[in-house]
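Right, one structure below, let's go through it.
What's counted below: heavy atoms across the whole structure, side chains too, no hydrogens, waters or symmetry copies. Nothing fancy with the numbering, it's 1 onward along the sequence.
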Amino acid sequence: SAFGVFVSFVKDLALLRFLSIVVIGLCGVFVFIAVNNALKSSTRSLLFTLSLLTLPPFQVMVAWATYAYIVPALLLSCLAFYCAQKSFTHNQKKPYNKYFWFDLSAYLASLCTYQPAAMFYWFLVLVNLVNRQTAPAREQYAQRNHFLLTGILSIAVYIAIVAALKPVFG
């Protein structure tokens with residue numbers, strides 16, 4: 001495992017767990033912002049975020065140091081969502097800006113790290129699209145297509161990478 005470089009003794013696992021907690025906290029910030037935009041209530045958004053991030057799968061990610069690779073995939077999917085959102089709002093006339101490419105790269109890296117954690121991107125997209133119900137229909141359509149394009153394009157590139165590497169690694 002890539003984390004084996006950082007772990008020489010059992011006590012080093014505590015540092016790995018601590019880093020997992022920090023990264024999940026960062027993901028919590030992304031979730032809070034997305035949910036707060038939808039609910040417009042800081043208290044409810046905070047309670048929702050805490051309820052979500054204290055569910056058993058997140059507890060397992062922190063408790064089992066062998067699952068430490070899941071946490072960066074989760075952070076990368078949150079970063080991909082943030083970049084997709086920035087890409088759309090930054091310049092709607094030119095959607096293929098630097099944020100678009102960062103989004104594509106972050107989501108692809110998340111998929112390559114751990115696919116189930118990468119699906120957290122779609123949760124954040126869903127929260128954002130629920131929030132967009134008050135926006136004009138044309139803008140909702142454009143943003144939905146933008147999120148779909150970046151997500152599906154990343155998945156297609158991931159499939160191509162796996163297909164290309166399959167003969168090499170069997």
Side-chain angles (χ1 to χ4, degrees), residues 20 22-58 61 67 69-167 169:
S20 295
V22 170
V23 171
I24 287 177
L26 288 172
C27 292
V29 171
F30 284 109
V31 171
F32 176 79
I33 291 168
V35 172
N36 195 35
N37 286 337
L39 295 178
K40 307 288 188 227
S41 168
S42 297
T43 305
R44 287 183 180 174
S45 300
L46 180 64
L47 289 175
F48 178 83
T49 303
L50 289 174
S51 298
L52 177 72
L53 295 179
T54 55
L55 287 172
F58 294 98
M61 282 185 231
Y67 281 177
Y69 61 91
I70 296 173
V71 179
L74 188 66
L75 181 63
L76 285 167
S77 65
C78 289
L79 184 62
F81 168 75
Y82 174 76
C83 288
Q85 200 172 27
K86 283 292 252 189
S87 172
F88 182 77
T89 57
H90 182 67
N91 189 354
Q92 293 180 11
K93 304 260 188 276
K94 184 182 173 196
Y96 305 109
N97 51 38
K98 64 181 176 182
Y99 294 110
F100 173 80
W101 298 110
F102 287 147
D103 164 35
L104 203 64
S105 301
Y107 192 55
L108 181 60
S110 181
L111 284 167
C112 290
T113 305
Y114 189 64
Q115 302 88 355
M119 296 304 119
F120 201 69
Y121 171 84
W122 296 108
F123 165 74
L124 293 171
V125 167
L126 180 64
V127 168
N128 183 273
L129 293 178
V130 167
N131 176 39
R132 303 291 302 167
Q133 296 301 320
T134 58
R138 186 178 200 123
E139 188 177 327
Q140 287 179 33
Y141 179 74
Q143 188 169 33
R144 182 185 68 228
N145 286 346
H146 184 74
F147 283 132
L148 284 173
L149 173 71
T150 55
I152 291 172
L153 190 58
S154 295
I155 291 171
V157 171
Y158 172 73
I159 290 170
I161 289 171
V162 169
L165 293 177
K166 194 170 187 175
F169 294 106

*Sequence neighbours left out, what pairs pass side chain to side chain donor-acceptor pair (under 3.5 Å) with at least one residue falling in residues 36-47?*
N36-S45

*asked:* Could you work out, with side chain to side chain contact (heavy atoms under 4.5 Å, CB included) as the rule, every residue matching F120, not counting sequence neighbours?
replied: V31, L52, F58, L74, S77, C78, F123, L124

*Check whether any side-chain heavy atom of R144 sits under 4.5 Å from a side-chain heavy atom of F88, and report yes or no.*
no

*Considering residues at least two apart in sequence or located in another chain, which fulfil the side chain to side chain contact (heavy atoms under 4.5 Å, CB included) criterion with Y82?*
F30, K86

*W122: what forms a side-chain hydrogen bond (donor to acceptor under 3.5 Å, both in side chains) with it, not counting sequence neighbours?*
Y107

*So, do F147 and F81 have ring centers that fall under 6.0 Å from each other?*
yes

Quick one: side chains of residues 153-166, donor-acceptor pairs under 3.5 Å with protein atoms, not counting sequence neighbours, listed by atom name and distance.
unit_1: S154; atom_1: OG; unit_2: L104; atom_2: O; d: 3.4
unit_1: S154; atom_1: OG; unit_2: T150; atom_2: O; d: 2.9
unit_1: Y158; atom_1: OH; unit_2: Q115; atom_2: NE2; d: 2.2

*Go through the structure and list residues passing side chain to side chain contact (heavy atoms under 4.5 Å, CB included) with A38, not counting sequence neighbours.*
V127, N131

*For F102, what residues pass the ring-ring contact (aromatic ring centres under 6.0 Å, His included) criterion, not counting sequence neighbours?*
none

*Who pairs with L149 by side chain to side chain contact (heavy atoms under 4.5 Å, CB included), at least two apart in sequence or on another chain?*
Y96, F100

*Do H146 and S87 come within less than 4.5 Å of each other through their side chains, counting heavy atoms only?*
yes

*Minimum heavy-atom separation for G28 to T49, with atom names?*
O-CG2, 3.4 Å

